[in-house]
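Notes to accompany the following structure.
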Amino acid sequence: MPGFEAFGELEKKQVQDVLDNGVLMRYGFDGMRNGHWKAKELEEAVANRMQTSFCHTVSSGTAALTVALASAGIGAGDEVIMPTFTFVASFESIIALGAVPILVDVDDTLTLKPEAVEKAIGPKTKVVMPVHMCGSMANLEALKSICKKHNLLLLEDACQAIGGSYNGKPLGSIGDLGCFSFDFVKTVTCGEGGAVITNNQDFYENAHMYSDHGHDHIGNDRGGEAHPFLGYNFRISELNAAVGCAQVNRLDEFVGIQKRNYTILREALSKIEGITFRRVPEGGEENHSFLNFFLPSEELAREAHKNLGQAGVDACFYWYDNNWHYYRKWEHLIQKVALGKLPEAVLDQLPDYSKSDFSESDHWVGRNISCLIKLGWPEEEVRERAKTMFTTLSKITK
Ligand SMILES: *Cc1c(COP(=O)(O)O)cnc(C)c1O
């Protein structure tokens, strides 16, 4: 998945443009920039590739989620439904706005289970946030109709899924809002960066103002701008955006290499009885950044993870025991620990997750192994890897 594997001349050339004129900021300094507006250029490229009317880039994927929620008017006490399996950024962005993350189960897609979403909807629910973990999606048709029925917003966290699609549409472009991360380990990288995409002009206007202190960005060279509402600073720098300008044009090349490598590994593993694969909903196409499969039991999954590591197959994850990606290890959220006092609404409304029953999530995530697909592997190396994985996993499932 990592775009950093492909960092090279194209990225350097883009960064050099910025260094040559010295304008590292995305707004203002119109006379000095020599026509270089890297953040704007990146936004146009992303909106174009994602077939949305608008894109606003920010300093990280976490910032993108926060800005997306804020742009839709989400604030204190509003509830956002999100999965038990995701990166911690999902609930961080919600809590940052004083809103409340409501965790629900994932199914064999490893992302939101639509029936569990519907059950969790209450009078304060405003948003459903599916997270396209490891490059694949939930049943978005089902989630869309639930959102329509209950008048909720659909916000796609597509931070790990750039380049994937659903019913022919790019992931991220299907909900009311979509978010990408361009951090150092994502498919497309800026070093640090993120983007919000939408077809809703109000959300877009709110997003660019909110992420720059509420400045309205009317007029040239930043003179006398008004502040229609309170904002914050989530700006991306021109240096970071420049890297993204080179990378985003290579997205289809990256996804193509990932698909080749993924397919070789999957074909080898599909010959092993006892191994099943993550379900991709009908109409979905992964971005092939990870290969996800299930072992028959939690015990065997742990053994598989250990043995793969010992056999030298790196970059395979057992998320169930991982500190960052699964609710079981989010002790700070479960115990409601912040540096200062949390907003009242969060303290009052946040469920006691130490008592929650997420046995369905445990059932799937507890048996899952997730292998990162790299761009830099020559085909020969992928075939060797496939052989080693086949041998190692065949022994376990016998
Ligand atoms: C990486 C990631 C984020 C956060 O992105 P950053 O750019 O690292 O802030 C959010 N959600 C998911 C699912 C991610 O993988």
Side-chain angles (χ1 to χ4, degrees), residues 1-4 39 42 46 55-70 80-97 99 101 103-104 106 109-112 127-138 140 154-164 171-172 175 177-197 207 211 232-237 239-241 243-244 247-248 258 278 286-290 292 315 317 319 322-327 329-330 333 361 365 368 370-373:
M1 130 153 128
F4 70 75
L42 178 57
V46 173
C55 170
H56 182 66
T57 53
V58 289
S59 51
S60 71
T62 312
L65 292 168
T66 312
V67 170
L69 289 166
V80 180
I81 292 175
M82 56 164 275
T84 50
F85 175 48
T86 175
F87 183 52
V88 291
S90 305
F91 60 77
E92 287 169 351
S93 61
I94 298 165
I95 290 174
L97 294 168
L103 269 54
V104 311
V106 298
T109 65
L110 294 175
T111 176
L112 282 182
V127 181
V128 176
M129 185 199 279
V131 183
H132 308 323
M133 278 301 276
C134 308
S136 187
M137 75 300 303
L140 292 172
L154 185 64
L155 190 171
E156 297 175 72
D157 177 343
C159 287
Q160 295 191 8
I162 193 166
L171 291 178
L177 291 145
C179 292
F180 298 115
S181 162
F182 304 133
D183 81 22
F184 197 51
V185 297
K186 298 304 202 286
T187 302
V188 160
T189 187
C190 290
E192 299 282 2
V196 180
I197 57 173
S211 61
Y232 203 72
N233 177 6
F234 290 114
R235 288 189 311 260
I236 191 168
S237 94
L239 286 170
N240 293 99
V243 178
Q247 288 252 310
V248 74
Q258 286 177 174
R278 161 199 215 161
E286 301 181 64
N287 78 346
H288 302 102
S289 50
F290 286 86
N292 281 278
F317 302 97
W319 300 121
N322 175 290
N323 278 349
W324 297 357
H325 295 87
Y326 195 52
Y327 81 94
K329 298 286 178 86
W330 295 338
L333 177 72
S361 304
V365 178
N368 171 250
S370 192
C371 294
L372 180 68
I373 304 293

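As the structure is a computational prediction, the values presented were derived from the model and not from experiment. As a basis for the values below, the full set of heavy atoms in this structure was taken, side chains included, without hydrogen atoms, waters or symmetry mates. Remember, it's 1-based here, ligands and their atoms both numbered in the order they're listed.
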Contacting atoms of ligand 1, where contact means under 4.0 angstrom from a heavy atom of [X]:
| X | value |
| --- | --- |
| Cys159 | 2 (C), 3 (C), 10 (C), 11 (N), 12 (C), 14 (C) |
| Ser60 | 7 (O), 9 (O) |
| Lys186 | 1 (C), 2 (C), 14 (C), 15 (O) |
| Ala89 | 3 (C), 4 (C), 10 (C) |
| Asp157 | 10 (C), 11 (N), 12 (C), 13 (C) |
| Val131 | 13 (C) |

Full working for side-chain contact (heavy atoms from CB on, under 4.5 Å) between Val131 and His325: CA-CA 11 Å; Val131 183; His325 295 87; over 6 Å; no
Spatial distance of atom CZ (Phe91) from atom CG (Leu65) [nearest 0.5 Å]: 12.0 Å
Interatomic spacing from CD in Gln247 to SG in Cys190 - rounded to 0.5 Å: 7.5 Å
Donor-acceptor pair, side chain of Ser90 and main chain of Phe87, under 3.5 angstrom: yes
side-chain contact (heavy atoms from CB on, under 4.5 Å) evaluation trace for Asn368 with Arg278: CA-CA 8 Å; Asn368 171 250; Arg278 161 199 215 161; 5.7 Å; no
[X], any N or O under 3.5 Å of ligand 1 N or O:
| X | result |
| --- | --- |
| Thr62 | yes |
| Gly61 | yes |
| Thr86 | no |

Proximal candidate to atom 8 (O) of ligand 1 [heavy atom criterion; set Asp183, Leu65, Val185]: Asp183
Could you tell me which non-hydrogen atom of [X] sits nearest to which non-hydrogen atom of [Y], and how far apart they are?
| X | Y | value |
| --- | --- | --- |
| Met129 | Pro83 | O-CD, 3.4 Å |
| Pro130 | Leu155 | CD-O, 3.1 Å |
| Asn240 | Ile236 | CB-CG1, 3.9 Å |

Identity and separation of the nearest protein heavy atom to atom 15 (O) of ligand 1: Gln160 NE2, 2.8 Å
